[in-house]
Amino acid sequence: MTMNQLFRTPRIASLATLSAAALVLAGCASTPLEEKAPAPVVEKAAPAPAPTPAQPDPRSVARVDTTPKAIDPLTDPNSPLAKRSVFFDFDQFTVKSEYTPTVEAHGRFLVANKARRIAVEGHADERGSREYNLALGQKRAEAVKSRLTLLGVIDGQVETVSFGEEKPRGAGSTETAWAENRRADIVYR
């Protein structure tokens, strides 16, 4: 006999209904009142203390991105690009071997960053005429530019200018001051 046939019979249908009702009521049985555990007392929690100025409320603080950021090598003091001056001997405009790593570092950076532009500023100490020092400063700037172009830097990325003795770094008329003034500075634009 199928379920449909069972429910068609009135007597069996009412028996099935009663059985179902008994099952529902049995599932709803509860423990007597005298056996119930007392309801726990819920105390109100004290309000959270107001944040002190040293400890801002964590809900109001914006999330800080802690992913490591690339450091600009031009502003990193530990980068070889932090060195931007090439010093020369008295009355000379040949780049000394000790400054080759500095020029090469700037050359590699400029080759990798074609949009970057620099000016190489040539300087001289106070000895010599104004015209002579302007010409010597220009030769020093051109010597650095020549090294950069040999490394693959595009000619349009490098501008040269001479200040001669007009912008001294070292003050005074001593060998130490003169040595600081015989230079070519690499300035990023």
Side-chain angles (χ1 to χ4, degrees), residues 50-189:
T52 61
Q55 300 172 344
D57 184 1
R59 295 171 296 206
S60 66
V61 176
R63 299 220 184 263
V64 177
D65 186 11
T66 59
T67 55
K69 302 285 185 219
I71 297 174
D72 183 4
L74 293 176
T75 58
D76 181 8
N78 298 322
S79 168
L81 299 175
K83 295 179 182 176
R84 304 227 178 124
S85 294
V86 176
F87 294 93
F88 296 86
D89 289 331
F90 175 71
D91 205 26
Q92 297 294 312
F93 54 89
T94 303
V95 177
K96 297 191 283 186
S97 61
E98 65 187 276
Y99 296 103
T100 300
T102 300
V103 175
E104 287 177 349
H106 287 282
R108 284 190 303 272
F109 181 78
L110 290 167
V111 166
N113 298 280
K114 301 282 186 200
R116 298 305 301 250
R117 304 282 183 260
I118 64 167
V120 181
E121 300 175 345
H123 300 273
D125 62 35
E126 64 187 28
R127 297 174 288 179
S129 69
R130 183 176 185 280
E131 293 79 16
Y132 179 80
N133 288 338
L134 280 171
L136 185 57
Q138 187 65 36
K139 288 178 183 179
R140 289 174 175 165
E142 292 291 334
V144 173
K145 179 181 179 177
S146 176
R147 287 283 183 100
L148 291 169
T149 54
L150 287 173
L151 295 168
V153 177
I154 299 169
D155 191 49
Q157 286 180 274
V158 184
E159 173 190 344
T160 59
V161 63
S162 176
F163 290 105
E165 62 189 78
E166 300 302 318
K167 291 189 174 185
R169 183 180 289 174
S173 297
T174 64
E175 183 55 45
T176 305
W178 293 331
E180 284 187 55
N181 296 331
R182 297 188 303 257
R183 71 188 191 281
D185 294 327
I186 298 170
V187 179
Y188 281 83
R189 307 240 174 188

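Being a predicted model, the structure only gives us computed values, none of them experimental.
- Contact annotation: the side chain of W178 approaches that of S173 to within less than 4.5 Å [non-hydrogen atoms, C-beta and beyond].
- Applying the ring pair (Phe, Tyr, Trp, His ring centres under 6.0 Å) test to residues at least two apart or on different chains, the pairs with a partner in residues 136-171 are H123-F163.
- Although no hydrogens or angles enter the test, the distance criterion places a donor-acceptor pair under 3.5 Å between the side chain of N181 and the main chain of G170.
- For E159 (side chain) and R117 (main-chain N/O), no donor-acceptor pair under 3.5 Å exists by modelled atom type.
- Of the charged side-chain nitrogens involved, at least one lies within less than 4.0 Å of a carboxylate oxygen, so that R169 and D185 count as a salt-bridged pair.
- Here the shortest heavy-atom pairing between D125 and E165 reads O-CB, 3.6 Å.
- When all heavy atoms of H106 and I186 are compared, the closest pair comes out as CD2-CD1, 3.7 Å.
- F109 is linked by a ring pair (Phe, Tyr, Trp, His ring centres under 6.0 Å) to Y188, counting only residues two or more places apart in sequence or in another chain.
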Quick one: side chains of residues 94-103, donor-acceptor pairs under 3.5 Å with protein atoms, not counting sequence neighbours, listed by atom name and distance.
from : atom 1 : to   : atom 2 : distance (Å)
K96  : NZ     : D89  : OD1    : 3.1
T100 : OG1    : S97  : O      : 3.2
T100 : OG1    : R147 : NH1    : 3.4

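- When the salt bridge (charged side-chain N to carboxylate O under 4.0 Å, His left out) test is applied to E126, no partner is found at least two apart in sequence or on another chain.
- The ring pair (Phe, Tyr, Trp, His ring centres under 6.0 Å) test applied to F90 returns no partner, not counting sequence neighbours.
- Judged purely by atom type and a 3.5 angstrom limit, S146 has no side-chain atom pairing as donor or acceptor with the backbone of E142.
- Judged by distance alone, the side chain of Q138 and the main-chain N or O of G122 form no donor-acceptor pair under 3.5 Å.
- Separation of atoms CG (N113) and CZ (R108) is listed at 12.5 Å; rounding is to 0.5 Å.
- Residues Q157 and K114 share a closest heavy-atom pair of NE2-O, 3.4 Å.
- Remark: side-chain polar atoms of R140 are paired, donor with acceptor, to backbone N or O of Q92 under 3.5 angstrom.
- Residue pairs meeting the salt bridge (Lys or Arg N to Asp or Glu O under 4.0 Å) criterion with at least one partner in residues 71-87, sequence neighbours excluded, are absent.
- Closest heavy-atom contact between L110 and I118: CD1-CD1, 3.6 Å.
- Summarising the geometry of A184 relative to V144, their closest heavy-atom pair is CB-CG2, 3.9 Å, with the distance given to 0.1 Å.
- Across all non-hydrogen atoms, the minimal contact from S162 to N133 is OG-O, 4.0 Å.
- Sparse packing is recorded around CZ of R130, with 12 or fewer heavy atoms of other residues, nucleotides or ligands lying under 6.0 Å away.
- In this structure, NZ on K145 lies 9.5 Å from CG on L148, to the nearest 0.5 angstrom.
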